[in-house]
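Just below is one structure, and these are the notes that go with it.
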Number of protein chains: 2
Amino acid sequence: MARHTAPPPPFPRLEPFKVACSTCCLRHICLPTGLAPAEIEQLERMVHGRRVVPRNTVLFHAGETFESIYVVRTGFFKTSAIAEDGRDQVTGFQMAAELLGLDGICGGAHTCTAVALEDSQVCVIPYAKLDDLSRDFEQLQQQFHRLMSREIVREQQVLLMLGAMRAEQRVIAFLMNLLKRLQVRGFSSSSVVLRMTREEIGSYLGLTLETISRTLSKLQDEGMLEIRAREVRLLKQRQLSQLVRQAA
Amino acid sequence: MARHTAPPPPFPRLEPFKVACSTCCLRHICLPTGLAPAEIEQLERMVHGRRVVPRNTVLFHAGETFESIYVVRTGFFKTSAIAEDGRDQVTGFQMAAELLGLDGICGGAHTCTAVALEDSQVCVIPYAKLDDLSRDFEQLQQQFHRLMSREIVREQQVLLMLGAMRAEQRVIAFLMNLLKRLQVRGFSSSSVVLRMTREEIGSYLGLTLETISRTLSKLQDEGMLEIRAREVRLLKQRQLSQLVRQAA
DNA sequence: CGTCTAATTGAACATCGTCAATACTTGTGG
DNA sequence: CCACAAGTATTGACGATGTTCAATTAGACG
């Protein structure tokens with residue numbers, strides 16, 4: 001987790017080329033969902049550009065003034081926040097078409113830090129402009145509200161996980177959640193390449209890295225899944241999802 | 001019957017059925033924040049009315065079609081959701097001026113159940129109308145976005161708590177959070193009347209009711225606080241907040 | 001190919017959960 | 001207003017789950 005101290009802040013690199021929501025393969029699950037072609041064109045003009053975020057670099061820091069929200073275009077991110085006791089804890093992982101920075105709206109400053117876990121690209125959406133535009137386009141406003149609400153629901157589900165599940169259940173639920181999100185994006189429906197370390201998984205799930213490691217090993221011994229370094233292949237999804245459903 | 005607790009009720013208990021945001025004592029922390037008088041008037045007209053929710057009755061059920069969001073006017077609520085293993089887990093507690101139902105926006109159905117923990121009243125705000133009106137009033141839109149974002153941040157803070165804090169720290173953090181929110185609303189800054197059972201606190205904090213009870217007793221033995229049934233008086237807030245800050 | 005980080009595994013220990021017995025509150029009807 | 005019942009809270013003993021510390025191995029990257 002000494003990641004933040006890594007390379008110094010890179011200059012925000014904005015791509016010169018035009019953003020093209022209308023032809024983006026993510027348009028069906030991203031902000032443009034539900035918009036008419038003419039509206040999408042306006043949305044494109046609003047997007048400030050793309051920003052390249054190399055692996056292990058920071059997209060935004062907790063405490064930084066909030067100005068834009070970001071949509072992951074390619075790559076993978078983690079967000080982390082400083083707990084009251086000073087620990088840096090992972091609060092989420094984000095992949096393509098997921099939003100980053102929504103927490104900054106309420107106080108005008110980001111409350112978490114976003115770091116790319118692999119070379120990534122994000123679309124930069126100036127929040128003030130999004131607000132303006134969504135006052136003109138009902139569909140855009142509704143989609144934005146849905147996405148914010150989805151964030152609330154997603155966090156609620158994590159709460160449910162942290163509140164009552166045991167280690168094994170948390171790890172399985174985590175893997176299956178990743179898988180489901182990847183599946184929606186057209187990736188394999190049985191294997192995941194983990195972009196994060198055991199320590200980061202542990203931090204997210206409220207467990208230690210040792211427990212993550214042990215749990216994965218145990219599930220492998222039982223033939224439930226197969227681990228090769230950071231690639232996890234879920235072999236018996238039905239049984240795995242049943243394990244999650246079982247009461248503690 | 002007249003159980004005299006420290007905090008004097010700062011809000012009038014008796015009210016007509018017409019909604020009057022402009023004279024409501026909560027207007028500075030509620031939806032109308034930032035609106036011009038004329039705009040507030042329009043907002044009032046939009047609010048569908050008030051709804052009385054007696055103690056232990058349901059405001060909305062998980063799975064119910066989402067149509068309105070609610071603002072707590074008086075009283076106290078809990079929200080709970082069904083975890084994958086079938087357990088009913090408390091996901092939050094809401095007091096005056098806090099919103100209920102935001103999770104329903106993304107999927108068109110409520111994802112949690114809201115129950116009044118004391119006789120309560122809520123303002124009913126049809127979501128479709130709120131969307132319409134907020135397209136006309138920039139300030140209303142912004143305030144609504146802030147409130148949704150606040151919900152995201154609030155849940156993030158709970159994540160931080162569940163992820164790494166030990167039982168004692170969770171209980172203290174919980175009490176101090178309640179206190180802070182009550183303080184903003186003009187209540188006592190040192191004592192809280194717990195509207196929920198130990199079991200509900202435990203469910204929320206990912207602990208058992210026994211652990212809650214033991215922890216409170218221990219803190220009382222140490223002179224940190226004083227418990228009389230459901231009234232908790234925090235005696236040494238400085239030391240308590242330091243306990244939370246301490247690494248596990 | 002060597003160094004550094006990440007991951008695995010073991011053993012001892014701490015925290016919290018479970019089960020159980022008891023006491024206290026609160027609400028109800030006599 | 002009191003007595004009783006149901007729900008809620010406290011407390012103890014014991015055990016399970018997950019943490020901590022430590023040693024070792026495997027991978028990643030220059």
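Between the P atom of C/dT5 and the CD atom of A/E200 lies a distance of 15 Å, rounded to the nearest Å. Rounded to whole angstrom, the span from the CD atom of A/E210 across to the C1' atom of C/dA12 amounts to 14 Å. Here D/dT10 presents its C1' atom at 18 Å from CZ of B/R228, a figure rounded to the nearest Å. One can place CD of B/E231 at 17 Å from C1' of D/dA9, the figure rounded to the nearest angstrom. Atom-to-atom, CZ of B/R198 to C1' of C/dT25 comes out at 11 Å; the value is rounded to the nearest Å. For the pair A/R195 CZ and C/dA6 C1', the interatomic distance rounds to 16 Å; values are reported in whole Å. For the pair B/L209 CG and C/dA21 C1', the interatomic distance rounds to 14 Å; values are reported in whole Å. Going from atom CE of A/M196 over to atom P of C/dA7 covers 11 Å, rounded to whole Å.
Nearer the 5' end of DNA chain D, as judged by each residue's closest nucleotide, is the contact made by B/E199, out of B/E199 and A/R170. Toward the 5′ end of DNA chain C lies the nearest nucleotide of A/A229, the other residue of the pair B/R214 and A/A229 mapping further downstream.
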(message) Run A/E98 and A/R154 through salt bridge (charged side-chain N to carboxylate O under 4.0 Å, His left out) and show every step you take.
(response) CA-CA 12 Å; A/E98 294 182 334; A/R154 194 198 307 287; 3.5 Å; yes
(message) Set out, in order, the CA-CA distance, both residues' side-chain angles and the distance that settles salt bridge (charged side-chain N to carboxylate O under 4.0 Å, His left out) for B/E118 and B/R195, then state yes or no.
(response) CA-CA 7 Å; B/E118 60 178 328; B/R195 248 75 227 210; 3.7 Å; yes
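Counted within 6.0 Å of CD on B/E199, heavy atoms from surrounding residues, nucleotides or ligands total 12 or fewer; the atom is thus considered open. For A/R185, the CZ atom sits in a packed shell: over 12 heavy atoms of surrounding residues, nucleotides or ligands are nearer than 6.0 Å.
By the ring-ring contact (aromatic ring centres under 6.0 Å, His included) test, B/F76 is found to be paired with no residue, residues two or more places apart in sequence or in another chain being considered.
Contact annotation: A/R230 side-chain N/O to C/dA7 OP1/OP2 distance is under 4.0 Å. Taking side-chain N and O atoms only, B/S213 has a distance below 4.0 Å to OP1 or OP2 of D/dT10. Between A/S217 and the phosphate of C/dT9, there is a side-chain N or O to OP1/OP2 separation shorter than 4.0 Å.
In the model, A/Q89 has no side-chain atom that pairs as donor or acceptor with a side-chain atom of A/S80 under 3.5 Å. There is a side-chain donor-acceptor pair under 3.5 Å between B/T79 and B/T91.
By the 4.0 Å N-to-carboxylate-O rule, B/E210 lies too far from B/R214 to be salt-bridged with it.
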Protein N or O to nucleotides 13-16 of chain C N or O, pairs below 3.5 Å:
| residue | atom | partner | partner atom | Å |
| --- | --- | --- | --- | --- |
| C/dC16 | OP1 | B/A167 | N | 2.6 |

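Note on the helix from C/dC1-D/dG30 to C/dG30-D/dC1: angle between the axes of the first and last five pairs equals 50°, rounded to 10 degrees.
Here the options are B/L59, B/L117, B/V115, the test is side-chain contact (heavy atoms from CB on, under 4.5 Å), and the partner is B/F77; only B/L59 passes.
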